[in-house]
Amino acid sequence: MKRITDILPGNLLVQTEGNADIAVTSLTFDSRKVEKNSAFFAISGTQSDGHSFIDNAIDSGATAIICEQLPEKINPMVSYFQVQNSSIALGVAASEFYGNPSEKLTLIGVTGTNGKTTTATLLYRLVNSMGGKAGLFSTVCNYIGHKKVPSTHTTPDAIQLNQLFAEMVEAGCTHCFMEVSSHAIVQHRTKGLAFKGGIFTNITHDHLDYHKTFDEYIKAKKLFFDELPSSAFALTNIDDRNGRVMVQNTKAKVKTYSLRSMADFKCKIIEQQPIGMLLNIDNIEVWTKLIGEFNAYNLLCVYSTAQLLGFDKQEVLTILSNMNPVEGRFEHTQSPNGVVAIVDYAHTPDALENVIESIKKIRSEGSKLITVVGAGGNRDKTKRPIMAQIAAQGSEMVILTSDNPRFEEPEDILNDMKKGIDASSVGRVLTITDRREAIRTACLLAAKGDVVLVAGKGHENYQEVKGVKHHFDDKEEIAEIFKTLKP
């Protein structure tokens with residue numbers, strides 16, 4: 001048990017009603033998860049206000065309530081702690097409750113629009129390959145050493161984070177690499193964590209359904225670096241026009257990486273092939289199995305971070321040269337009749353454009369690119385026509401299809417996408433709502449040497465429709481279709 005006053009600093013408290021020294025056995029912000037002697041944090045969320053569930057929490061056994069507004073009716077058997085921001089209080093309290101486990105790890109946060117998963121995952125693999133033991137928080141999956149923990153959000157909530165950090169410490173992990181989403185930053189899920197370093201990959205059009213404007217999205221990412229301590233490093237991609245903006249107010253030690261400018265860490269693409277590319281990283285030539293300029297940035301970022309962590313340069317480059325792509329990130333396979341299929345998580349305009357440009361540089365002369373792409377429902381609608389336009393401009397043929405429609409009608413999403421198709425491209429664009437049929441059509445239309453890009457879902461093995469997740473895996477679909485094709 002922990003006393004609330006031991007896990008919640010006095011500077012966060014506005015006032016207390018009841019026994020200030022009350023001890024609790026667990027923390028939660030979900031009234032359905034309250035147990036006897038729990039502390040319930042009433043958080044004002046985007047969907048509901050936790051203050052509305054205070055009575056439910058008390059009925060379920062909560063003995064301490066942390067809230068921004070005290071309820072009109074005070075229960076004399078319960079202690080109330082009023083704070084200015086319940087989300088900040090939860091982050092700090094969760095860290096203290098679990099013994100500040102992040103302080104016992106070398107915790108590195110990775111933020112940006114694209115490249116977070118690949119960068120964090122490769123860093124995780126790197127440490128394990130060097131004989132160490134690392135943890136990982138990513139969109140694809142979380143890991144405690146080699147133990148797999150399912151991932152539901154890019155960045156878990158503050159309680160889950162600290163529970164898992166504590167498990168990592170117990171398991172002997174020395175490092176943890178963590179994707180830090182813009183949602184997590186503004187919702188203060190990372191409050192109370194002891195970051196040793198922060199990484200900025202890039203920032204492009206995304207999540208405007210949540211942040212409303214691109215400026216607000218930039219501010220959300222920048223806030224992560226603003227809050228880094230002076231003992232940490234801030235590694236930024238200065239080829240991105242907002243790369244320097246991210247770190248202009250940070251107290252951390254700033255380091256830069258670039259493919260195009262003078263920087264602390266440099267990389268140049270020497271050659272690209274369908275099976276990999278040759279890079280010059282800090283004047284050393286390195287062959288890698290990863291493809292595309294965006295992956296050159298990811299690899300340089302990983303190398304730069306490894307150097308800032310004090311790892312041996314030659315050993316790092318040797319390990320990186322043997323690494324395979326991260327699941328659902330530019331994964332490619334070839335059919336018996338010579339069609340190449342690429343599955344990629346690209347679900348933003350910039351990511352889609354980067355993947356298409358990378359394919360152009362490695363595909364054989366005279367071959368076609370057939371792109372299968374959709375857009376998620378109940379998410380940023382403004383990017384839908386832009387993504388369709390990018391696909392049409394960079395491909396010989398485009399098939400617009402369903403992604404995760406969620407609670408929207410797939411046809412409505414596709415109609416939004418079609419607004420980005422101009423008159424000159426209409427004849428090269430098909431609309432097939434059923435994703436399975438869309439992938440099948442693309443594979444059957446392709447000839448030897450052609451490339452089929454299936455974008456948007458990557459590692460995901462489901463389609464979410466009306467709140468229900470149905471099993472669906474782009475790679476499985478392609479494999480089944482390729483089995484029917486003859487050399």
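Below, each value reflects all heavy atoms present in this structure, side chains not excepted, and no hydrogens, waters or symmetry copies.
Looking at Asn100, its side chain never comes within 3.5 Å of a backbone N or O of Glu103 through a donor-acceptor pair. Between the side chain of Glu408 and the main chain of Asn378, a donor-acceptor pair closer than 3.5 Å is present. In this structure a side-chain-to-backbone donor-acceptor pair under 3.5 Å is present from Ser38 to Glu35. Here the side chain of Lys475 pairs no donor or acceptor atom with the backbone of Gly458 at under 3.5 angstrom.
Between Phe137 and Phe165, the distance from one ring center to the other falls under 6.0 angstrom. Within the 6.0 Å centre-distance limit, the rings of His175 and Phe311 are counted as a close aromatic pair. Checked against the 6.0 Å centroid criterion, the rings of Tyr345 and His347 qualify as a close aromatic pair.
Once rounded to the nearest 0.5 Å, the distance linking CD1 of Ile4 with CG of Leu27 reads 6.5 Å.
Under a cutoff of 6.0 Å and an axis angle of 45°, Lys457 and Tyr462 form a cation-pi pair. Cation-pi geometry between Lys148 and Tyr143 is not satisfied (NZ or CZ under 6.0 Å from the ring centre, within 45° of the ring normal).
Ring planes of Phe265 and Tyr303: perpendicular class, angle over 60° (limits at 30 and 60°). Relative ring orientation between Phe330 and His332 is described as perpendicular, the plane-to-plane angle rising above 60° on a 0-90° scale split at 30° and 60°.
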Criterion salt bridge (Lys or Arg N to Asp or Glu O under 4.0 Å) on Asp55 and Lys73, from CA distance to verdict: CA-CA 10 Å; Asp55 287 342; Lys73 183 181 178 183; over 6 Å; no
Glu17/Ser79 under side-chain hydrogen bond (donor to acceptor under 3.5 Å, both in side chains): CA gap, chis, key distance, verdict: CA-CA 6 Å; Glu17 291 283 343; Ser79 297; over 6 Å; no
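A salt bridge links Asp21 with Arg3: the distance from a Lys NZ or Arg NE/NH1/NH2 to an Asp or Glu carboxylate oxygen falls below 4.0 Å. Between Asp215 and Lys219 no salt bridge is recorded (no basic side-chain N to carboxylate O distance below 4.0 Å). Salt-bridge formation is detected for the pair Arg32/Asp30: a Lys NZ or Arg NE/NH1/NH2 atom is positioned less than 4.0 Å from an Asp or Glu carboxylate oxygen.
When Lys221, Lys251, Lys191 are each tested for a salt bridge (charged side-chain N to carboxylate O under 4.0 Å, His left out) with Glu227, only one passes: Lys191.
Residues Phe81 and Ile65 have side chains not in contact (no heavy-atom distance under 4.5 Å, counting atoms from C-beta outward). Looking at Glu477 and Arg440, their side chains never come closer than 4.5 Å, going by heavy atoms from C-beta outward. At least one side-chain heavy atom of Cys67 sits under 4.5 Å from a side-chain heavy atom of Ile54.
Taking a 6.0 Å sphere around CD of Gln84, one finds it holds 12 or fewer heavy atoms contributed by other residues, nucleotides or ligands. No more than 12 heavy atoms of other residues, nucleotides or ligands sit less than 6.0 Å from atom CE of Met77. A 6.0 Å sphere centred on CZ of Arg406 holds more than 12 heavy atoms belonging to other residues, nucleotides or ligands.
A donor-acceptor pair shorter than 3.5 Å can be found between the side chains of Thr117 and Arg329.
Nearest heavy-atom pair across Asn237 and Thr201 is ND2-O, 2.8 Å.
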